[in-house]
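Notes follow once the structure below has been shown.
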Protein chains: 2
Amino acid sequence: MTVQQRATLDDVARLAGVSAKTVSRVFNQRELVGADTVERVLASAKRLRFRPNTLAQGLRRGGKTNTVGFIMGEFGNPFYYKVASGIERELAAQGHRLVVATTDDTSDGEARVADALLSQRIDALLIIPASHDQSYLEGERQLGTPVIAIDRPALNLAADSVVLENRETVHEATRRLLALGHRRIGYICNPADVWSQTERIAGYRAAMAEAGITDTTAWARLEDDRSVRPERLIRALLEQRDAPTAIIAGNNRMTIAALRVMRELGDGHTALLGFDDFDTADVLDVSVITYDPIELGRRAARLALARMGKANGPTKQLVLPSWIVERGSGERAPAEPGR
Amino acid sequence: MTVQQRATLDDVARLAGVSAKTVSRVFNQRELVGADTVERVLASAKRLRFRPNTLAQGLRRGGKTNTVGFIMGEFGNPFYYKVASGIERELAAQGHRLVVATTDDTSDGEARVADALLSQRIDALLIIPASHDQSYLEGERQLGTPVIAIDRPALNLAADSVVLENRETVHEATRRLLALGHRRIGYICNPADVWSQTERIAGYRAAMAEAGITDTTAWARLEDDRSVRPERLIRALLEQRDAPTAIIAGNNRMTIAALRVMRELGDGHTALLGFDDFDTADVLDVSVITYDPIELGRRAARLALARMGKANGPTKQLVLPSWIVERGSGERAPAEPGR
DNA sequence: GTCGGCAATGTCAACGATGGACATTGCGCG
DNA sequence: CGCGCAATGTCCATCGTTGACATTGCCGAC
């Protein structure tokens with residue numbers, strides 16, 4: 001098995017009887033080359049299976065790799081994959097590629113992974129911030145690599161971001177539950193110390209306060225320890241005295257855990273509303289707050305592309321809509337009228 | 001805003017008061033350099049935010065980029081994300097990175113995307129074959145880029161592959177349904193013209209034949225046209241005369257579609273068994289054939305790493321186990337005894 | 001006929017890191 | 001005192017491609 005050598009510009013040039021530069025021209029600005037020459041070069045290139053070496057190109061062109069990095073945390077949530085998909089599509093349309101890295105959800109991991117990506121000379125960095133400080137990216141940003149935060153703003157770093165209408169939609173959702181007669185409304189999430197959750201919680205609290213309920217400590221289960229199983233949190237909440245008659249689940253995992261626990265307890269009356277949609281939500285009649293994760297990725301990618309190369313204007317924050325989808329579980333009235 | 005220049009080896013060398021060569025030594029074979037010098041160099045590098053230029057390194061070192069490409073089709077199936085996750089973890093552990101690309105599930109896209117990845121000079125290519133011919137990769141393979149097929153063997157290309165025990169497990173599953181008294185057992189999938197499905201179908205047919213049922217045309221709905229909605233297929237099957245008393249769904253999407261349709265029809269008696277597990281399968285009591293997608297990715301990545309650089313031995317096919325998880329829906333006996 | 005001008009193509013260096021082949025220090029030790 | 005070795009430096013080539021600039025040759029205008 002002869003391991004052939006990969007063909008280079010020179011090889012193609014030699015075969016076509018021209019100079020390397022001309023071959024290079026053919027592959028870039030074709031208009032400067034004679035039609036017959038173009039043809040001859042392309043034929044040679046094809047015969048040799050020539051492929052321009054992106055490394056050399058990138059080096060010569062001053063570090064542009066046409067590659068964008070994306071750092072995401074938890075692999076558990078399908079939401080992130082859809083975001084990645086959106087990013088990938090938008091980038092592909094512009095001739096860029098996506099490198100994905102994951103952080104194992106440790107803040108240490110985040111910096112480490114970012115470092116690995118950056119030494120790849122990516123043209124932009126998209127990140128779902130997991131740690132509580134992204135200042136370690138400041139240097140790189142000053143060197144001209146755009147950083148775009150997704151789902152949450154970056155902390156201690158001037159980066160563009162794309163986020164959701166967390167507060168508003170949860171506010172509205174809580175209001176609807178109140179209108180149904182619910183008073184003991186629970187909010188449950190883990191981790192609770194990320195921006196998206198604090199926003200949602202703020203919406204929840206504001207609506208409760210409007211209804212005169214200022215103390216929600218009995219029903220808000222805000223856990224930060226990621227090792228605590230969601231099922232445990234929910235079971236504790238549902239089994240307590242004065243259990244809530246309605247629950248808002250802060251994300252996908254919480255919602256599914258809630259379904260699991262309610263089923264175990266034979267609980268068919270507690271109203272349930274989850275943030276994030278999921279595949280079988282319609283089959284299970286689960287009302288959710290939803291949004292378009294693909295669009296989230298797309299917009300983030302678009303922001304990155306816009307930043308690339310251009311002078312740096314002020315930091316932008318893009319807010320995408322989220323909305324309520326009623327499927328039954330969130331429209332149940334309390335069994336006993338709210339006291 | 002001063003856009004600083006990125007630091008190079010020379011910059012670091014100048015600041016540390018040593019030669020570029022020494023800096024290079026520090027970053028590669030540290031043992032040849034004095035401890036204090038190492039320290040001084042590292043300090044300078046840190047101050048200048050120096051990062052060895054991977055492009056230049058890769059170029060110099062002959063195209064090694066420490067990057068592996070992964071091409072996957074349909075974004076709809078969460079299965080692929082888990083596979084990607086497995087790949088990413090295994091690669092990360094070995095200091096490699098993952099570039100992900102998607103094909104929009106068109107066979108044309110597959111070649112185009114592969115081309116884009118390959119010009120990136122990836123060290124290996126992992127692919128879930130979507131088209132019916134991967135011979136276009138033959139040239140690249142001969143140039144030394146390992147190609148590993150995931151979930152399905154590559155067609156017209158000598159590539160390693162990692163696949164599942166499709167045939168055996170579906171065979172066993174069908175046998176169990178038969179043992180419960182089912183005779184009219186349906187198998188439904190789309191697309192049906194991919195290897196993994198033909199294997200599963202073969203297992204199904206073999207078990208049926210063992211029970212003396214050689215004609216399964218009335219219950220096997222094998223659709224190839226990807227634009228046909230799964231719900232339509234299933235509804236047609238369930239509403240026909242002599243509808244099956246049990247259904248095996250060929251993948252995730254089919255299973256969920258079946259649940260949706262059965263719900264609409266108020267059908268609570270038809271036995272259902274799905275290939276691929278999903279998040280809420282336990283809540284919905286859905287019996288499935290499952291496997292470990294992360295392990296699938298891991299093993300594929302490991303195969304790729306093993307091939308990289310090494311001389312090419314014979315093509316390997318790795319078969320990973322799949323197994324049945326009983327949750328209720330697949331253990332229902334037929335309403336009327338099989339006639 | 002000659003020269004300006006332009007289209008087509010070639011030459012050469014440089015991008016940043018690394019490796020080979022040495023040369024040069026300086027220190028410890030026999 | 002000089003040998004040997006560790007630590008470092010010099011210099012140049014190299015990876016594949018492209019930018020800056022040079023060259024060639026032909027056409028048309030004067």
Side-chain angles (χ1 to χ4, degrees), chain A residues 4-42 44-45 48-67 118-123 143-144 309, chain B residues 4-42 44-45 48-67 118-123 143-145:
Chain A
Q4 314 167 32
Q5 273 304 306
R6 217 176 276 273
T8 72
L9 265 191
D10 277 313
D11 298 328
V12 177
R14 215 168 308 129
L15 182 61
V18 295
S19 76
K21 181 71 222 207
T22 299
V23 179
S24 169
R25 285 200 185 95
V26 170
F27 278 86
N28 297 297
Q29 330 136 55
R30 194 162 301 178
E31 65 286 358
L32 296 180
V33 187
D36 49 339
T37 313
V38 168
E39 205 174 331
R40 203 147 29 90
V41 167
L42 288 180
S44 310
L48 295 176
R49 290 213 188 82
F50 170 73
R51 233 184 263 286
N53 184 330
T54 327
L55 292 169
Q57 284 183 326
L59 179 58
R60 186 61 241 252
R61 302 212 249 242
K64 276 253 168 290
T65 53
N66 274 14
T67 299
L118 290 170
S119 72
Q120 283 266 93
R121 290 289 189 279
I122 50 179
D123 296 339
L143 287 174
Chain B
Q4 314 168 34
Q5 273 305 306
R6 215 174 276 274
T8 70
L9 260 192
D10 278 311
D11 299 328
V12 177
R14 214 167 308 131
L15 181 62
V18 296
S19 75
K21 181 80 213 207
T22 300
V23 179
S24 171
R25 285 198 183 101
V26 169
F27 277 86
N28 296 297
Q29 332 134 53
R30 195 162 298 179
E31 65 286 357
L32 296 179
V33 186
D36 49 340
T37 312
V38 168
E39 207 173 329
R40 203 149 27 90
V41 167
L42 288 182
S44 309
L48 295 177
R49 294 211 186 82
F50 170 73
R51 236 181 259 287
N53 186 329
T54 328
L55 295 170
Q57 282 183 327
L59 181 59
R60 182 65 237 253
R61 302 213 246 243
K64 276 253 168 290
T65 53
N66 274 13
T67 299
L118 290 170
S119 73
Q120 284 265 92
R121 292 292 189 276
I122 51 178
D123 296 339
L143 288 175
T145 309

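Residue numbers start from 1 in every chain, and the chains themselves are labelled A, B, ... in the order their sequence lines are given, proteins ahead of strands. Values below: all heavy atoms of this structure, side chains included; hydrogens, waters and symmetry mates excluded.
- Heavy-atom minimum distance, A:Ala20 versus A:Leu9: O-CD1, 4.0 Å.
- The distance from the CZ atom of B:Phe50 to the CZ atom of B:Arg6 is 11.0 Å, given to the nearest 0.5 Å.
- Here the range on DNA chain C touched by chain B, meaning any atom under 4.0 Å from one of its heavy atoms, is C:dG16 to C:dG20.
- One can place CZ of A:Arg61 at 16 Å from P of D:dG16, the figure rounded to the nearest angstrom.
- For A:Asn53, there are no side chain to side chain donor-acceptor pair (under 3.5 Å) partners two or more places apart in sequence or in a different chain.
- Residue B:Ala35 is the one, among B:Ala35 and A:Pro52, whose nearest nucleotide of DNA chain D lies closer to the 5' end (criterion: closest heavy atom).
- Remark: A:Ser44 engages A:Val12, A:Leu15, A:Ala16 in a side chain to side chain contact (heavy atoms under 4.5 Å, CB included) (not counting sequence neighbours).
- Taking every heavy atom of both residues into account, A:Leu55 and B:Gly58 meet most closely at CD1-C, 3.9 Å.
- Side-chain N/O atoms of A:Gln57 include one lying less than 4.0 angstrom from OP1 or OP2 on D:dT18.
- With sequence neighbours left out, the side chain to side chain contact (heavy atoms under 4.5 Å, CB included) criterion links B:Leu42 to B:Val26, B:Phe27, B:Arg30, B:Val38.
- Screening residues 13-24 of chain B for salt bridge (Lys or Arg N to Asp or Glu O under 4.0 Å), with sequence neighbours left out, gives B:Asp11-B:Arg14.
- Under the side chain to side chain donor-acceptor pair (under 3.5 Å) criterion, A:Thr65 pairs with A:Asp123, sequence neighbours left out.
- The two residues A:Pro52 and B:Arg121 come nearest to each other via the heavy atoms O-NH1, 3.9 Å.
- In this structure, the CG atom of A:Asn53 is 12 Å from the P atom of D:dC15, given to the nearest Å.
- As judged by a 4.0 angstrom heavy-atom cut-off over every strand, B:Gly62 is placed among residues making no nucleic acid contact.
- Where the helix from C:dG1-D:dC30 to C:dG30-D:dC1 starts and where it ends, the local axes point in directions that differ by 50°; five pairs per end, rounded to 10°.
- Residues satisfying the side chain to side chain contact (heavy atoms under 4.5 Å, CB included) test with A:Ile122, not counting sequence neighbours, are A:Thr67, A:Leu117, A:Leu118, A:Gln120, A:Leu125.
- Checking B:Gly34 against A:Ala56, the closest nucleotide of DNA chain D that is more toward the 5' end is the one next to B:Gly34.
- As a whole-Å value, the separation of B:Leu9 CG from D:dT14 P is 20 Å.
- Taking atom CG of A:Asn28 as the reference point, atom C1' of D:dT17 lies 9 Å away to the nearest angstrom.
- B:Arg51 pairs by the side chain to side chain donor-acceptor pair (under 3.5 Å) definition with A:Asp115, A:Glu140, not counting sequence neighbours.
- No hydrogens or angles were tested; on distance alone, a donor-acceptor pair under 3.5 Å links the side chain of B:Arg60 to the base of D:dT14.
- Of all the residues in residues 19-27 of chain A, A:Ser19, A:Lys21, A:Thr22, A:Arg25 reach under 4.0 Å from DNA chain C with at least one non-hydrogen atom.
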